[in-house]
Enquirer: 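Supplied in structure tokens, the structure appears directly below.
Owing to the predicted nature of the structure, the values given are computational and were not obtained by experimental measurement.
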Amino acid sequence: MNTKNIYKTILLNLTMGLFLLGCNKDFLDRNDLNGLAEGSFFKSESDANQALNAVYGVLQENTFALYAPLLGSATDEIVRGPGSQGFSDLSDGTEAPGNSDTAIQRRWNHCYEGVFRANYFIENVQNVEMEEVLKNKMVAEARFLRGFFHANLVPYFGDVPLLLNTVSIDEAVNMVRTPKADVMASAISDIQFGIDNLPTTVSENGRLTKGAAAGFLARVLLNEKNYDATINVTSDIINGVYGSYSLFPNFSTLLYEENEGNSEILFDIHFSNVEPSVGESINWQSVTQSSAQGSATFKELVDAFESTNGLTIDDPNNTLFDSTNEYANRDPRLWASIQYPGAIYGIKDNDGNFIYNRGVWPEWLTGDSNDFPWSNPYHMKKYLNPLTDPPRQDGLTLPDGTNFVVVRYADVLLMFAEAKIESGSIDQSVLDAINTVRARAYGTIKEDTANYPEITTMDQSELRVVLRRERRVELAFEGLRWLDLVRWGTLKEAKAAVGKGWQANIWPIPESEIERAKGLTQNAPWN
């Protein structure tokens, strides 16, 4: 097939996808999505709503949800077995442009699928006769999503094609890379349009809000090291400008399905296990399984969780740490996030008492190696609810309706603190933000300093260390570690600490894309 035919097929598939893809469980009516005739499409408000739902639908692709925790395999969080959707290549530092059907290729495909659908909607909704306020809100949703997809390309690929309209076959074939600064400026403009025009609250779960857009904008700005702008946006969120957000009181259960939409969630991707055959469910057990293609947690992450006195386990002054009973007296987030040998698989209340006990982590998951998931004793627990998710065994598949949280309030507080630390504007608000997050881990509030290890230092270097460890343990497995390490310039060092290779702080452009669009160039060290 020649290049033009390849792109004709791609464009046709993307267009047809607008009619075929389901989306969020609370507002998508899937009836007759594939029955919209070409001549009648985009003539009614209902048609426009179905097309917008298809833009949302791209969020459910694995890149943005199920694969987010697996991105930790490109860092010092988790190790994946061989052949596991290309994450083993990222883990080993052997990623290559020609590897097909990988996390790299899928991120490129899914982001541009989303961009195409957003552009298609934005262009065609203008022809629909409907109430202008509603139309503007729908355009704001589509523009935010377009910005979201572009912003999910630049940190990984650098310069990428910026697409602000649907493209013809010839235009697709001749695409070139746009400077990443221009792509990010466009993405920020789209996201800001969302903040300005989205509602503060919604009647249909899953729709975007001002808070969702603001939370994601803060992440983009922080990754761009625009600290002043990050401080402004996060301060507005903290001060309630975009809605009322607060930490959910129980860290260990905040991501459970029954707690969806709680006060901590700014932006999440919705799933349902009602009709798993149409791809609306998510399978968290598949990323925690003990098998060749499963995941395990590096011991280095386990060791990052402090003792309850606030000292690291390698601190010679830490009298609480006992190497013969190393999991005792540790930050409660260790038990809530990671299954380790002898840990109880259950649920605790805010006071740390078990309200449900399913038993000790199975012996068949114990071992002593960081190299292969099936022999590693440490496994991700964060997304599993012991009430509904038994320990994963080979061949077991349980569809799950748990939403994936993209941005939550704890992250906002830590982004605010990091921006203040890095900009040198350290004051009590930095300590308040960090201590609010730390106190919640212990089931209390920041004022209750007798019951959690309070941070009191105002030294920039010391606070930087505190903040980075806090992000590591609070946000483990949430798909943010790679962005954090690249932003801090410590990815190579972190991977070396777990014995894994590193090539660059950027991914290769998929070779298949360069073959199709001759104007694309390759990133070093792959060119």
Side-chain angles (χ1 to χ4, degrees), residues 65-73 75-81 248 250-260 264 282-291 294-306 326-328 330-350 352-367 370 373-394 396-398 400-405 408 410 440-443 472-481:
L66 189 65
Y67 284 0
L70 298 187
L71 189 57
S73 63
T75 72
D76 54 358
E77 274 193 341
I78 66 173
V79 58
R80 289 283 285 175
F248 186 73
N250 192 327
F251 175 84
S252 66
T253 63
L254 76 91
L255 298 180
Y256 287 1
E257 186 172 5
E258 60 264 32
N259 293 325
E260 290 174 354
E264 187 163 345
I282 194 166
N283 183 13
W284 287 120
Q285 288 190 325
S286 69
V287 301
T288 63
Q289 63 179 298
S290 177
S291 70
S295 305
T297 301
F298 285 116
K299 181 64 159 56
E300 283 73 10
L301 174 56
V302 176
D303 291 346
F305 289 82
E306 301 169 339
E326 61 178 301
Y327 309 115
R330 299 287 290 277
D331 184 325
R333 289 172 291 191
L334 171 58
W335 173 85
S337 303
I338 299 172
Q339 284 297 160
Y340 49 83
I344 297 298
Y345 186 60
I347 297 174
K348 294 180 181 179
D349 61 20
N350 289 337
N353 301 313
F354 277 102
I355 56 177
Y356 180 77
N357 182 338
R358 197 157 190 158
V360 177
W361 192 232
E363 292 183 358
W364 55 265
L365 284 179
T366 62
N370 271 352
W374 58 85
S375 61
N376 189 309
Y378 308 106
H379 289 256
M380 184 179 76
K381 179 190 176 186
K382 196 168 204 174
Y383 295 94
L384 299 183
N385 181 347
L387 285 171
T388 56
D389 300 317
R392 169 78 190 205
Q393 300 181 45
D394 293 347
L396 178 64
T397 299
L398 292 179
D400 195 334
T402 304
N403 297 343
F404 177 70
V405 175
R408 57 187 179 93
R440 189 272 300 273
Y442 287 78
R472 187 176 193 188
V473 300
E474 172 71 24
L475 302 170
F477 312 124
E478 297 188 29
L480 302 178
R481 182 66 173 165

Enquirer: Can you tell if the side chain of Glu306 reaches within under 4.5 Å of the side chain of Arg330, non-hydrogen atoms only?
Expert: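 Heavy-atom side-chain distance check fails, nothing below 4.5 Å.
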
Enquirer: Suppose we screen for salt bridge (charged side-chain N to carboxylate O under 4.0 Å, His left out). Which residues come up paired with Arg408, at least two apart in sequence or across chains?
Expert: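 In terms of salt bridge (charged side-chain N to carboxylate O under 4.0 Å, His left out), with neighbours along the sequence ignored, Arg408 is linked to Glu264, Glu474, Glu478.
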
Enquirer: Verify, without hydrogens or angle tests, whether Arg440 (side chain) and Phe248 (backbone) share a donor-acceptor contact under 3.5 angstrom.
Expert: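 Here the side-chain-to-backbone pair exists.
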
Enquirer: Check whether Ser337 reaches the backbone of Leu334 with its side chain - one donor and one acceptor, N or O, closer than 3.5 Å.
Expert: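 Pair absent, no side-chain N/O of Ser337 close to backbone of Leu334.
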
Enquirer: Does the side chain of Thr402 reach to within under 4.5 Å of the side chain of Tyr256, using non-hydrogen atoms?
Expert: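 Side-chain contact under 4.5 Å: no.
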
Enquirer: Heavy-atom distance under 4.5 Å between the side chains of Leu384 and Tyr345, does that happen here?
Expert: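 Heavy-atom side-chain distance check passes, below 4.5 Å.
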
Enquirer: Out of curiosity, Gln339 CD to Ile344 CD1, how far, rounded to the nearest 0.5 Å?
Expert: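 If I round to the nearest 0.5 Å, the distance is 9.0 Å.
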
Enquirer: Classify the angle between the aromatic ring planes of Tyr327 and Tyr340 as parallel (below 30°), tilted (30 to 60°) or perpendicular (above 60°).
Expert: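 The arrangement is parallel - the two ring planes meet at less than 30°.
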
Enquirer: Do Asp76 and Glu300 come within less than 4.5 Å of each other through their side chains, counting heavy atoms only?
Expert: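 The answer is no; the side chains never approach within 4.5 Å.
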
Enquirer: Test Phe354 against Ile347 for side chain to side chain contact (heavy atoms under 4.5 Å, CB included), laying out the working first.
Expert: CA-CA 6 Å; Phe354 277 102; Ile347 297 174; over 6 Å; no

Enquirer: By salt bridge (charged side-chain N to carboxylate O under 4.0 Å, His left out), which residues pair with Asp331, not counting sequence neighbours?
Expert: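 For Asp331 the salt bridge (charged side-chain N to carboxylate O under 4.0 Å, His left out) partners, ignoring immediate neighbours, are Arg333.
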
Enquirer: Tell me every residue that passes salt bridge (charged side-chain N to carboxylate O under 4.0 Å, His left out) with Lys348, counting only those two or more places apart in sequence or in another chain.
Expert: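 For Lys348, no residue satisfies salt bridge (charged side-chain N to carboxylate O under 4.0 Å, His left out) once neighbours in sequence are set aside.
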
Enquirer: Please round to the nearest 0.5 Å and tell me the distance separating atom CG of Leu480 and atom CG of Leu475.
Expert: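 Result: 5.5 Å between the selected atoms.
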
Enquirer: Are the side chains of Pro332 and Phe305 in touch, meaning some heavy atoms are under 4.5 Å apart?
Expert: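 No, side chains not in contact.
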
Enquirer: Are Lys381 and Phe477 side-chain neighbours, meaning at least one heavy-atom pair lies under 4.5 Å?
Expert: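 A side-chain contact is absent here, since even the closest heavy-atom pair is not under 4.5 Å.
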
Enquirer: Using the side chain to side chain contact (heavy atoms under 4.5 Å, CB included) rule, take Leu301 and Tyr378 through it: C-alpha gap first, then chi angles, then the decisive distance, then the call.
Expert: CA-CA 10 Å; Leu301 174 56; Tyr378 308 106; over 6 Å; no

Enquirer: Using side-chain heavy atoms (C-beta onward) and a distance below 4.5 Å, is Met380 in contact with Pro69?
Expert: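 When only atoms from C-beta onward are counted, Pro69 and Met380 do touch, with a gap below 4.5 Å.
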
Enquirer: Does any part of the side chain of Tyr356, heavy atoms only, come nearer than 4.5 Å to the side chain of Asn385, both counted from C-beta?
Expert: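 No, too far: nothing below the 4.5 Å cut-off.
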
Enquirer: Check step by step if side chain to side chain contact (heavy atoms under 4.5 Å, CB included) holds for Asn259 and Leu254.
Expert: CA-CA 6 Å; Asn259 293 325; Leu254 76 91; 5.9 Å; no

Enquirer: In sequence, state the C-alpha distance, the side-chain angles, and the governing distance for Phe298 and Ile78, and then conclude on side chain to side chain contact (heavy atoms under 4.5 Å, CB included).
Expert: CA-CA 5 Å; Phe298 285 116; Ile78 66 173; 5.5 Å; no

Enquirer: Counting only N and O atoms by type, is there a donor-acceptor contact under 3.5 Å from the side chain of Lys382 to the main-chain atoms of Ala336?
Expert: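 Absent.
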
